[in-house]
Amino acid sequence: MFYVLPNPHAIAEYLSNLLVQKIQENPKLVLGLATGSTMEPIYAAFVVQAKQLGLNLNDIVTFNLDEYIGLAPEHPQSYHHYMQTHLFKPAGIRQEQVSLPSGMCRDVELECVNYSKKIQAAGGLDFQLLGIGTNGHIGFNEPGTPFSSLTHVVDLSENTRRDNGRFFEDKSQVPTQAITMGIEDIMSAKEVVLVATGSHKAEVMAKLFETAIDEDMPASIIKSHDNFKIIVDQAAAELLPAQAEQTRIAC
Ligand code: GLP
């Protein structure tokens, strides 16, 4: 189902409320987390709301989708650093509650196997938050990734390196590889929510709307999930056909 909200602020409020509600219902929630600029207002709103409510976050467990290979946790563009900055530190979520793939491990293949196992050992993901790349990637699962994939090493596409180059001094500094949770790991979550904001996501959202389930459009798999939502703002909904408009929700 596609839901259209007016702007990133409204999406942040909506998702912050949803996350708070999930954690209140289940203080031991196993939460799959994403990075990227789409998530920043969502985490900011959640931190404020969690503080206002005195929400108990001590027992949640989190797993991030991905990490660049070759970036140390303290590197400003690593996803470890992103998560500490935008969510973990401000919300007071402790190191022992969180997991991200290590981009600095010696044996990446072993790291991948262990990461999927760790998710399963935690009882699986209760809720997975996703962004989307302009080529339809989720996590770092690039077009063509088998839907049966578990955590694995990815050669990042030129498209993804170009898009993500905006966070680095220049594109040549964008790592060429990453570790990502696989599509099967993502789909095994009990609930999946994909978020897209901004007009630069309008084309990929229209493509996602039109595409049947297809490995060339990795995000399309979530349309086969029993409990999924695709949430876009007006700008990202610009090119959606009329029938998607019917799913607009008030906020
Ligand atoms: C990166 C991340 C994805 C994220 C995507 C979109 O490639 N690996 O998980 O969805 O960026 O990022 P943004 O929200 O900045 O557009």
Side-chain angles (χ1 to χ4, degrees), residues 5 7-9 11-12 15 31-46 62-71 75-83 85-87 99-103 112 115 119 125 127-145 149 151-168 171 173-183 185-187 189 192-205 207-208 217-222 228-233 235-238:
L5 289 174
N7 50 46
H9 174 73
I11 292 183
L15 274 166
L31 194 50
L33 296 172
T35 52
S37 41
T38 312
M39 298 298 142
E40 289 178 21
I42 298 170
Y43 294 147
F46 174 76
T62 74
F63 287 92
N64 262 83
L65 284 167
D66 44 19
E67 179 57 287
Y68 290 111
I69 291 181
L71 297 193
H75 188 289
Q77 299 313 333
S78 74
Y79 289 162
H80 281 74
H81 189 271
Y82 172 104
M83 291 308 299
T85 307
H86 294 289
L87 182 63
S99 294
L100 290 93
S102 166
C112 291
Y115 199 70
I119 296 170
L125 301 162
F127 186 93
Q128 177 66 54
L129 202 48
L130 293 174
I132 185 169
T134 57
N135 62 359
H137 74 235
I138 48 176
F140 269 132
N141 292 283
E142 298 281 31
T145 306
S149 57
T151 304
H152 61 283
V153 174
V154 183
D155 291 327
L156 297 174
S157 68
E158 276 310 299
N159 183 88
T160 297
R161 293 188 67 237
R162 193 180 51 242
D163 283 356
N164 291 5
R166 69 190 193 279
F167 298 112
F168 292 78
K171 193 201 128 184
Q173 294 178 356
V174 182
T176 54
Q177 289 189 309
I179 296 181
T180 184
M181 225 187 250
I183 293 188
D185 299 302
I186 293 169
M187 287 297 285
V192 180
V193 174
L194 184 148
V195 186
T197 57
S199 53
H200 63 299
K201 295 286 172 74
E203 229 168 87
V204 71
M205 296 320 287
K207 199 170 163 204
L208 175 60
M217 164 53 75
S220 64
I221 188 68
I222 83 159
F228 79 94
K229 285 189 187 75
I230 296 171
I231 302 180
V232 294
D233 69 350
E238 259 165 30

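Atoms within each ligand, like the ligands themselves, are counted from 1 in listed order.
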Main-chain N/O of Ile132 paired with Lys201 side-chain donor or acceptor, under 3.5 Å: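 Yes, Lys201 side chain to Ile132 backbone: donor-acceptor pair under 3.5 Å.
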
Parallel, tilted or perpendicular: ring planes of Tyr79 versus Tyr82, cut at 30 and 60 degrees: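 Judged by the thresholds at 30° and 60°, the geometry between Tyr79 and Tyr82 is perpendicular.
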
Nitrogen or oxygen atoms of Asp66 and ligand 1 under 3.5 Å apart: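 Yes; the residue has a nitrogen or oxygen that sits under 3.5 Å from a nitrogen or oxygen of the ligand.
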
For atom 16 (O) of ligand 1, closest protein heavy-atom neighbour: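 The closest heavy atom on the protein side is Lys201 NZ, 2.7 Å.
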
Per-atom contacts of ligand 1 with Gly36, taking only distances under 4.0 Å to non-hydrogen atoms: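 Those qualifying, in numeric order: 12 (O), 13 (P), 14 (O), 15 (O).
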
From Leu33 atom CG to Gln128 atom CD, the distance as rounded to the nearest 0.5 Å: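 Answer for the CG-CD pair, Leu33 versus Gln128, is 7.5 Å.
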
Close approach, Ala34 and ligand 1, non-hydrogen under 4.0 angstrom: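 So Ala34 does not count as touching ligand 1.
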
His152 side, atom NE2; Ile179 side, atom CD1 - distance, nearest 0.5 Å: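 Rounded to the nearest 0.5 Å, the NE2-CD1 separation comes to 10.5 Å.
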
Parallel, tilted or perpendicular, as decided by the 30° and 60° cut-offs, for the rings of Tyr68 and Phe168: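 Because their plane-to-plane angle is over 60°, the rings of Phe168 and Tyr68 count as perpendicular.
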
Part of Met39 within contact of ligand 1 (heavy atoms, under 4.0 Å):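 Near ligand 1, Met39 shows nothing, with every heavy atom at 4.0 Å or more.
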
Ligand-residue contact atoms, ligand 1 with Gly131, heavy atoms, under 4.0 Å: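 Counting atoms of ligand 1 from 1, those under 4.0 Å from Gly131 are 10 (O).
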
Non-hydrogen atoms of Pro101 and Glu67 that approach each other most closely: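 That would be O-CB, 3.3 Å.
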
Protein contact to atom 3 (C) of ligand 1 [nearest heavy atom, distance to 0.1 Å]: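 Answer for atom 3 (C) of ligand 1: Gly139 O, 3.4 Å.
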
Nearest neighbour in protein (non-hydrogen) for atom 4 (C) of ligand 1: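 Closest protein heavy atom to atom 4 (C) of ligand 1: Thr35 O, 4.0 Å.
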
Enumerated ligand 1 atoms positioned under 4.0 Å from heavy atoms of Tyr79: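 Counting atoms of ligand 1 from 1, those under 4.0 Å from Tyr79 are 1 (C), 2 (C), 8 (N).
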
Side chain Ser99, main chain Phe63, donor-acceptor under 3.5 Å: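 Side chain of Ser99 to backbone of Phe63, a donor-acceptor pair under 3.5 Å: no, none is there.
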
Sub-4.0 Å atoms of ligand 1 with respect to non-hydrogen atoms of Ser37: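 Every atom of ligand 1 under 4.0 Å from some heavy atom of Ser37: 13 (P), 14 (O), 15 (O).
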
Nearest heavy-atom neighbours spanning Met181 and Ile186: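 Heavy atoms of Met181 and Ile186 come nearest at SD-CG1, 4.1 Å.
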
Ligand 1-proximal atoms of Ile132, by part, heavy-atom distance under 4.0 Å: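 Only the backbone of Ile132 comes within reach of ligand 1.
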
Polar contact flag for His137 and ligand 1 (N/O pairs, less than 3.5 Å):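 Such a contact does occur with ligand 1.
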
Thr38 N/O to ligand 1 N/O under 3.5 Å: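 There is such a contact, yes.
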
Per-residue contact class, Arg166 against ligand 1 - non-hydrogen pairs under 4.0 Å: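 Arg166 to ligand 1: side-chain contact only, backbone stays beyond 4.0 Å.
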
Evaluation steps, salt bridge (Lys or Arg N to Asp or Glu O under 4.0 Å), between Glu158 and Lys171: CA-CA 10 Å; Glu158 276 310 299; Lys171 193 201 128 184; 2.5 Å; yes

